[in-house]
Amino acid sequence: MSKKILGLDLGTNSIGWAVVEENEVQKKIVHAGNRIIPMDAALMGAFESGNSVSQ
């Protein structure tokens with residue numbers, strides 16, 4: 001019997017994900033990807049101050 005596992009990596013400027021399929025014999029990555037949210041230093045400072053304006 002195999003199972004699928006969803007792994008997430010949630011960062012301040014990026015989100016990464018992977019789907020891993022695992023059975024008794026092996027593990028393999030089925031799908032993976034990431035999304036990077038570009039922010040310069042001024043936007044990061046405004047974001048940390050509570051400004052929630054989206055990019």
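Everything numeric in this text was worked out from a predicted model, so none of it was measured.
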Exercise. Mind running side-chain contact (heavy atoms from CB on, under 4.5 Å) on Ser14 and Asn34 for me, showing each step along the way?
Key: CA-CA 7 Å; Ser14 64; Asn34 64 21; 5.9 Å; no

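- Contact annotation: the side chain of Trp17 approaches that of His31 to within less than 4.5 Å [non-hydrogen atoms, C-beta and beyond].
- The number of heavy atoms from other shown groups lying within 6.0 Å of CG (Leu8) is above 12.
- In this structure, the separation between CD1 on Ile5 and NZ on Lys27 is 7.0 Å, given to the nearest 0.5 Å.
- The main-chain N or O of Lys4 is never found under 3.5 Å from a side-chain atom of Glu22 such that the two would form a donor-acceptor pair.
- Here CD1 of Ile15 is found 11.0 Å from CD1 of Ile36. Values are rounded to the nearest 0.5 Å.
- Summarising the geometry, atom CZ belonging to Arg35 is positioned 14.5 Å from atom CG belonging to Asn13; distances are rounded to the nearest 0.5 Å.
- Atom NZ of residue Lys3 and atom CG of residue Asn23 lie 10.5 Å apart, to the nearest 0.5 angstrom.
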